[in-house]
Each structure stands twice: as C-alpha cells, then as structure tokens.
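Just so it is clear, the structure is predicted and the values come from calculations on it, not from any experiment.
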Amino acid sequence: MVEQGGRSTRTRLIEAAAQLIAEEGYERVGVLAVAQRAGLTNGAIYGNFRDKAHLLAAAIEMRLHLLYDTVQQGRRVHSPPLEVIGRIARSMALDTPEADRRLLVEAWSAAWRDPVVGVLVRERLDRIETVVTGLAEQARADGELADDVDPATLARFGMALALGYHLIHTAGVPDPERESWIRLADRVVACFSSEPAGSDAGQPAR
C-alpha cells in the first residue's frame, strides 16, 4: 500500500520509530506512540511488524543506506576496494546524521537488555561487516591489501571504530576537526596497503 507522497505504511512506521527512538530512547517508546507519530492506527504496526524489536531492526536497516550508497558509488566508478573502505570509514564517523547516531546507540544499548533485539542487531552488524569483508577480500585478490591483514578482522576494526565514535559523540563530546580526522583515517587505511605507507608505488587513491 502506497500513500502520502509515495511513502508506504511500512516506511511511515519505520521513519516514525526511528525519530521517536532517537528522541526518547528505545525503552520509553511504545508502539502506540509510533503509530500516532506516523498518523496511523495501532493495528498498522502489527500488520507490518511482529513486535517493537523488529520495528527497531527495520529502522536500523533503513538508516544503513549511506553505507550501501558509498559501496555502490565506488563500484560504479571502479574505485580500488581500499579506497571504498576509506570512504566507508569517513562516512560512518563524520556523515551519519545526528538522529541516526542516537538511534544506533539506542539499538546497541537495547541489544544487551533484550535477547530478541540482540539477535536482530547482530544480524544487521553482520551485514555491514560482510560488505566490508568482501571489499577487503577483493583488495587482497588485487594485491592491494597486505597479506598479514585479515579481511574479517579489518571489518570488525572498522565497526568498532565507527560505533565508538558515535558513543563518544552522543555523550556530548565535540567532534574533532573534520580535515584532521580525514587525514588520520587516510593514514590508517594506508597502513593496510600491501606497499609501505611511504613508498611511491603504494600510495592509496584518494
């Protein structure tokens, strides 16, 4: 069913849930409040989602679009895989909207309180890591990634860095200067290269 400017009932519910969870926290948001924010009846939620946990998971899924857009853009222009990984690192840290940062932090917090949420959140984390692991494996096949860098561990490192960044930010700590962060991120990604960081032949693409 499509309505209100082309947005489906499901999309309206997901957007409303994302907004409310970011504003008030997962534990304080009820399904009735989500339905009201979306301008729908309570029954609309249970017609589209099993429960609030699955609604939260769908909200997280929707908010991952920036990551997948970054990957798809890199593929369209045939960017080297390590360059795409660098873009992901920068976009997840610097370009995640404020409300999405709070939503993600709420999701991680709810994950250890609610086993169902925990399973759903881990599934979403696995999807992100699978994307990055695939890029790293391609970089290794291309001779771009150093042999002693494990693709799956690299993906986990990136996830830990991005989530840690959001946790610090939502605690009220100001972001570092953008250009300084980008330079540091580029330096870190360069360390994964199969060529020494300072060699002429092994400089990562920007």
Side-chain angles (χ1 to χ4, degrees), residues 14 18 21-22 25-26 53-54 56-75 79-142 144-171 173 175-176 178 180-194 204:
I14 293 171
I21 292 170
Y26 177 76
H54 285 78
L56 170 63
I60 296 171
E61 193 88 54
M62 180 175 284
R63 292 313 196 245
L64 294 178
H65 65 88
L66 285 177
L67 170 66
Y68 294 115
D69 285 351
T70 297
V71 174
Q72 292 304 319
Q73 180 184 3
R75 288 174 176 170
S79 298
L82 276 187
E83 181 180 344
V84 178
I85 290 174
R87 289 179 187 171
I88 291 172
R90 291 194 294 272
S91 65
M92 286 189 71
L94 299 176
D95 300 327
T96 300
E98 180 70 26
D100 290 357
R101 289 179 172 185
R102 293 196 297 270
L103 172 67
L104 291 170
V105 171
E106 279 296 321
W108 315 145
S109 178
W112 70 270
R113 295 192 185 97
D114 185 328
V116 174
V117 175
V119 170
L120 295 172
V121 168
R122 284 193 295 275
E123 288 177 353
R124 272 65 190 176
L125 291 176
D126 285 345
R127 293 184 189 181
I128 299 174
E129 290 193 349
T130 297
V131 170
V132 178
T133 299
L135 287 168
E137 289 173 344
Q138 183 61 53
R140 172 171 285 178
D142 294 344
E144 186 183 9
L145 183 68
D147 290 338
D148 61 348
V149 178
D150 174 62
T153 304
L154 172 56
R156 179 60 54 84
F157 173 80
M159 179 65 66
L161 183 64
L163 294 182
Y165 191 104
H166 295 326
L167 283 170
I168 292 171
H169 176 85
T170 54
V173 178
D175 288 338
R178 183 182 181 88
S180 295
W181 181 266
I182 290 174
R183 285 195 300 271
L184 181 60
D186 287 345
R187 179 69 66 86
V188 171
V189 172
C191 292
F192 303 139
S193 173
S194 58

> Hey, mind stepping through R102 and H166 against side-chain contact (heavy atoms from CB on, under 4.5 Å) and telling me if it holds?
Replying inline: CA-CA 8 Å; R102 293 196 297 270; H166 295 326; over 6 Å; no

> How many angstroms lie between atom CG of L104 and atom CG of L125, to the nearest 0.5 angstrom?
Replying inline: 9.0 Å

> Any side-chain heavy-atom pair from F157 and V188 closer than 4.5 angstrom?
Replying inline: yes

> Closest approach of A53 and V117, non-hydrogen atoms and distance?
Replying inline: CB-CG2, 3.6 Å

> Which distance, rounded to the nearest 0.5 Å, do you find between the CG of D150 and the CZ of F192?
Replying inline: 11.5 Å

> Hey, are E123 and R127 close enough for a salt bridge, meaning a charged N less than 4.0 Å from a carboxylate O?
Replying inline: no

> Where do Y165 and T96 land on the side-chain contact (heavy atoms from CB on, under 4.5 Å) test, with the steps shown first?
Replying inline: CA-CA 11 Å; Y165 191 104; T96 300; over 6 Å; no

> Between D175 and R101, is there a side-chain N and carboxylate O pair less than 4.0 Å apart?
Replying inline: yes

> Could you go step by step and tell me if L120 and L56 meet the side-chain contact (heavy atoms from CB on, under 4.5 Å) rule?
Replying inline: CA-CA 9 Å; L120 295 172; L56 170 63; over 6 Å; no

> Does the distance from a Lys or Arg side-chain N to an Asp or Glu carboxylate O, for D95 and R178, drop under 4.0 Å?
Replying inline: yes

> Under a 4.5 Å cut-off applied to non-hydrogen side-chain atoms, are V84 and P81 in contact?
Replying inline: no

> At their closest point, which heavy atom of A152 faces which heavy atom of T133, and how far apart are they?
Replying inline: CA-OG1, 3.7 Å

>> Measuring only between side-chain heavy atoms, which start at C-beta, is D142 closer than 4.5 Å to P80?
In response: no

> How long is the gap from CZ on R87 to CG on D186, to the nearest 0.5 Å?
Replying inline: 11.0 Å

>> Could you check whether any side-chain heavy atom of Q138 comes within less than 4.5 Å of a side-chain heavy atom of E144, counting everything from C-beta outward?
In response: no

>> Just verifying a value: how many Å separate R140 CZ and L82 CG, rounded to the nearest 0.5 Å?
In response: 11.0 Å

>> As an exercise, state the distance from OG of S109 to CG of D114, rounded to the nearest 0.5 Å.
In response: 11.0 Å

>> Can you give me the closest heavy-atom contact between I14 and A59, atom names plus distance?
In response: CG2-CA, 3.5 Å

>> For A136 versus L145, what's the shortest heavy-atom pair and its separation?
In response: O-CD2, 3.5 Å

> So, for W108 and Y26, is the gap between ring centers shorter than 6.0 Å?
Replying inline: no

> Looking at CG of D126 and CE of M159, how far apart are the two atoms once the value is rounded to the nearest 0.5 Å?
Replying inline: 8.5 Å

> After noting the C-alpha distance and the side-chain angles of L154 and I85, does the key distance pass the side-chain contact (heavy atoms from CB on, under 4.5 Å) rule?
Replying inline: CA-CA 10 Å; L154 172 56; I85 290 174; 4.1 Å; yes

